[in-house]
Amino acid sequence: MDSIGSLGLQQGEGAPGCPQEGLPCPSNTSEMVQECLQQFKVTGAQLRQIQTSLLGSMEQALRGQAGPAPAVRMLPTYVGSIPHGTEQGDFVVLELGATGASLRVLWVTLTGIEGHKVEPRSQEFVIPQEVMLGPGQQLFDFAARCLSEFLDVLPVGNQGLQLGFSFSFPCHQTGLDKSTLISWTKGFKCSDVEGQDVVQLLRDAIQRQGAYSIDVVAVVNDTVGTMMGCEPGVGPCEVGLVVDTGTNACYMEEARHVAVLDEDRGRVCISIEWGSFSDEGALGPVQTIFDRTLDHESLNPGAQRFEKMIGGLYLGELVRLVLAHLAQRGALFGGHTSPVLRSQGSILLEHVAEMEDPSAGAARVHAVLQDLGLNPKASDAEWVQCVCVAVCTRAAQLCAAALAAVLSRLQHSREQQALQIAVATGGRVFERHPRFLSVLRETVMLLAPDCNVCFIPSVDGGGRGVAMVTAVAARLAAHRRLLEETLAPFRLTREQLAEVQAQMREAMAKGLQGEASSLRMLPTYVRATPDGSERGDFLALDLGGTNFRVLLVRVATGGVQISSQIYSIPECVAQGSGQQLFDHIVDCIVDFQQKQGLSGQSLPLGFTFSFPCRQMGLDQGILLNWTKGFNASDCEGQDVVCLLREAIRRRQAVELNVVAIVNDTVGTMMSCGYEDPHCEVGLIVGTGTNACYMEELRNVASVDGDSGQMCINTEWGAFGDDGSLSMLSTRFDACVDQASINPGKQRFEKMISGMYLGEIVRHILLHLTSLGVLFRGQQTQRLQTRDIFKTKFLSEIESDSLALRQVRAILEDLGLPLTSDDALMVLEVCQAVSKRAAQLCGAGVAAVVEKIRENRGLEELTISVGVDGTLYKLHPHFSSLVAATVRELAPRCVVTFLQSEDGSGKGAALVTAVACRLAQRTRV
Ligand code: BG6
Ligand code: GLC
Ligand code: GLC
């Protein structure tokens, strides 16, 4: 026998007065009893095997590879940190399932002050057997009635109460207040509860009861309550062990080891649910015939086999089965059984505890047996005591093996050779059987010799811990409410969007008529989309988006070939003098020509210039005002083509033939129109936002002629600059606008485009931080920095393929110290901001396509929209949200969105090609 095998003998040694050989009792009795007791002996090797196998089962479940058999479950509990002891407030705690057929309600006051404890009030209610086995609704209604009864005698009035629900059954938790029962264990088997959210069932019952306003804020397993309630000050307590009606433990696991969690940092409390441990190889050798009978006759045969050897619900039953067996075989009670001995569940944990107590003399045991309706002989008492000791000792040893597995896990995951750890213990088996803890402790010392374990009894039966979790959950719920309030103005209704569409539509009409309107509706002198007959080599410039590009566009029979180069425009140039800006542009062209071997050639040039220009012809465009980040002096009010030509002249070496100036929306429409003749709208959602479309010339007041069409640059970025969007504008939009270089201008653009969305998000994050909702209320210097939160982060953060941990990495790169709750909230902020942007954009597109449909007097319009811009292209959901909004608001238009592949430079070249062709014709 190995070193701890002797523990198995404790049942003989530990029970004073056990009949030893030679004592006056029938030898066959002694043999029969000894044979039974022998079955309950567990060797050190067997315990080690259980420890190893359970550890394997735990690690497998952590990796998410649990086999088909219900091994241990390793359920994350959403408790991420052990309490600081600063939590405070009054909480109601409802406990169901820990202690057999009783339900407990507590009123717990947390003071937030170390050492200052207010005793909780509590009341226990017995759950009738028919309620434990009846319909689920009946059980929850019973719980709600108990709550009311408890509160009736307290001075609570109408105040809203926060409740923590200790529900001690295996549950899949998906949040602190969401928990689906997997299966009943112990003596419960109510119908229609498995697979349901027990928090919701309790809420519904409280509502049906209608007596108090109670918010169920958190749900916890009893092991978690036990661990969390550990008195602060005794060092961190990171394991909670319960041996009550059933048995289980929870412990703090490294989050990165929990496959089902999307988390790579910190720790999370895992409820092991070791009661369902079932490895036949490890458990089989220690199971007795009595265990098998007990399992067979239980409410859940085959399930919770480990629990059935340890939990308080079963210890009495095991003793009963052994005694009945011995009585039947004539070894006890003169060979008589009794109705009590024959009825399941008649010997309770209390009876066993009393009889097993070493200080209980034979007379006491005798008395208990008599109370049970048995008629013991003098020697029976001693044998019965031995049976009780054997059953409980084995339970404590098995529990120790399981705890040793948890300790090994902790040692391993924390890479600590010697572990110093506090284990909070709770449950009636600990309270009533002082020997249980001592056997447990000794066995653990032998099985996990490197661990220094300190056992701490739970406070208020775990009630305080439940209140702690509830306090944290209540804080999180309050944060969520603040988040929702903050984001509410971003969530637009269909009516609001329809109103935007209607206003846009009206502003378009006014703009076309030359009446006061925030939409300028600028004629572009582009009268037709390409017809495919365009040919030639062209130079193109593309200024005003993220990149400044110079391009060589070859339009030939086989298609269009493009070579291009990106040049940077430093901010000091974009916001310096006009002359400097245009000189820089010409320098880039010269460089490009040299690299392309085009020096000396004077190719026709199309200039995509993505700013509002009043055009008098294709090659004339007066810059009305800068938008986006540009602000070069002495340009507004000037003809941009002239400014370019002057710069060319200053740089005498080059000759360039500027034929057309086009807005990027127009370039995009033309570029996509080359592939699809239905493309009659151009849309940009990038640094800025804007749209153009083919309008009937008769509707354009500022251009002569009544027949044919002309492309109109709406400049919708300025929509709302007359105050018409003020209803939708939030305080964050106001902040972004005020801090911009053009306050009061481009209000629609500032709610939609890439240059601003990151800033809106940043302002929301600042606000949420000031409310204490984010980043633990700590304002960081980084977040105060303008433009630190790029719009591309929205696209990255909202990407479906990205785990929350990657979201956090992005934010951490920004120097934001966040928790995973923070990461989730930031994601929600991004989603709200980008969704509003896409929907507003969709409302704009709906207004445009509806106008075209009505212009043409069509019942249904089939049309394509050419789109460009980094936000539209890179954001994972923007384009589908735009399309969905358009479908909703313009149901009579069948709209296809075409993403421009080649940028608007190709379109500018095509406009130039058409112009050259027409010019040639006029010359002829
Ligand atoms: C580019 C076009 O692809 O998209 C530009 O060629 C346009 O003309 C730009 O201005 C818009 O997107 P962003 O994101 O670069 O502003
Ligand atoms: C049962 C339950 C478990 C609980 C334990 C102790 O094993 O399934 O959730 O923690 O009993 O009450
Ligand atoms: C800004 C410009 C507009 C351009 C848009 C997209 O709104 O004013 O001309 O089309 O940005 O780049």
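Indexing begins at 1, ligand by ligand and atom by atom, following the structure's order.
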Do the charged groups of K906 and E675 touch, with an N to O distance under 4.0 Å?
yes
Nearest-contact summary for atom 1 (C) of ligand 3 - protein heavy atom, Å:
E749 OE1, 3.1 Å
So, for A847 and M504, which heavy atoms are closest and what is the spacing to 0.1 Å?
CB-CG, 3.5 Å
Would you say G545 touches ligand 3, if touching means a heavy atom closer than 4.0 Å?
no
Using heavy atoms and a strict 4.0 Å limit, residues surrounding ligand 1 turn out to be D542, G545, T546, R549, T608, S610, D664, I684, G686, T687, D868, G869, T870, G903, S904
Side chain or backbone of T689 under 4.0 Å from ligand 3, or both, or neither, by non-hydrogen atoms?
backbone
Tell me which protein heavy atom sits closest to atom 3 (C) of ligand 3, plus the residue, atom name and distance to 0.1 Å.
E715 OE2, 3.3 Å
Should you measure from each heavy atom of I684, which atoms of ligand 3 turn up under 4.0 Å away?
6 (C), 12 (O)
Which of the numbered atoms in ligand 2 are under 4.0 angstrom from any heavy atom belonging to T185?
1 (C), 2 (C), 8 (O)
Are S168 and ligand 2 in contact, using a heavy-atom cut-off of under 4.0 Å?
yes
Between D222 and ligand 2, which part of the residue brings a heavy atom under 4.0 Å of the ligand: side chain, backbone, both or neither?
side chain
Provide the number and element of each atom of ligand 2 under 4.0 Å from a heavy atom of P170.
8 (O), 9 (O)
Residues two or more places apart in sequence or in another chain: which of them pass ring pair (Phe, Tyr, Trp, His ring centres under 6.0 Å) with Y872?
none
Backbone or side chain, does any N or O of T665 fall under 3.5 Å from an N or O of ligand 3?
no
Atoms of ligand 2 close to V242 [distance to a heavy atom under 4.0 angstrom, numbered from 1]:
6 (C), 12 (O)
E571, CD: over 12 other non-hydrogen atoms inside 6.0 angstrom
no
Provide the number and element of each atom of ligand 2 under 4.0 Å from a heavy atom of Q304.
7 (O)
One finds that the ligand 2 atoms under 4.0 Å from a non-hydrogen atom of G246 are 6 (C), 11 (O)
Please list the nearest protein heavy atom to atom 11 (O) of ligand 2 with its residue and the distance rounded to 0.1 Å.
K186 NZ, 2.9 Å
Counting C-beta onward and ignoring hydrogens, is there a side-chain heavy-atom pair between R549 and L543 closer than 4.5 Å?
no
Is the count of non-hydrogen atoms from other residues, nucleotides or ligands lying under 6.0 Å from H172 atom NE2 greater than 12?
no
Looking only at N/O atoms, are T627 and ligand 3 under 3.5 Å apart anywhere?
yes
Using ring centroids (six-membered ring only for Trp), state whether Y693 and W716 fall under 6.0 Å.
no
So, D197 and K178, do they make that salt bridge, N to O below 4.0 Å?
no
With a 4.0 Å cut-off, would you call R747 and D721 a salt bridge?
no
shortest atom 12 (O) of ligand 3-to-protein heavy-atom contact is with D664 OD2, 2.5 Å
Using a 4.0 Å heavy-atom threshold (strictly under), name the region of T245 that reaches ligand 2: side chain, backbone, both or neither.
neither
With a sphere of 6.0 Å drawn around CD of Q899, does it hold more than 12 non-hydrogen atoms of other residues, nucleotides or ligands?
yes
Side chain to side chain contact (heavy atoms under 4.5 Å, CB included) evaluation trace for K792 with L874
CA-CA 8 Å; K792 74 167 188 208; L874 296 187; 5.5 Å; no
Looking only at atom types and distance, does a side-chain atom of Q615 sit under 3.5 Å from a main-chain N or O of I622, one as donor and one as acceptor?
no
Less than 4.0 Å is my threshold; does some heavy atom of T687 fall inside it relative to ligand 3?
no
Greater than 12 external heavy atoms within 6.0 Å of K745's NZ:
no
Side-chain contact, heavy-atom cut-off 4.5 Å: T99 with R104?
no
Please identify which atoms of ligand 3 are closer than 4.0 Å to at least one heavy atom of N663.
3 (C), 9 (O), 10 (O)
Ligand 2 atoms in contact with E273 (distance to a heavy atom under 4.0 Å)
2 (C), 3 (C), 7 (O), 8 (O), 9 (O)
So is G688 touching ligand 3 or not, going by heavy atoms under 4.0 Å?
yes
Numbered atoms and elements of ligand 2 in range of N221, under 4.0 angstrom, heavy atoms
3 (C), 4 (C), 9 (O), 10 (O)
Electrostatic pair E317:K308 at N-O distance under 4.0 angstrom
no
Flag the pair D295 and R305 as a salt bridge only when some basic side-chain nitrogen lies within less than 4.0 angstrom of an acidic carboxylate oxygen.
no
Answer yes or no: does an N/O atom from N248 fall short of 3.5 Å to an N/O atom of ligand 2?
yes
Name the orientation class of the two ring planes belonging to F306 and W274 (parallel below 30°, tilted from 30 to 60°, perpendicular beyond 60°).
perpendicular
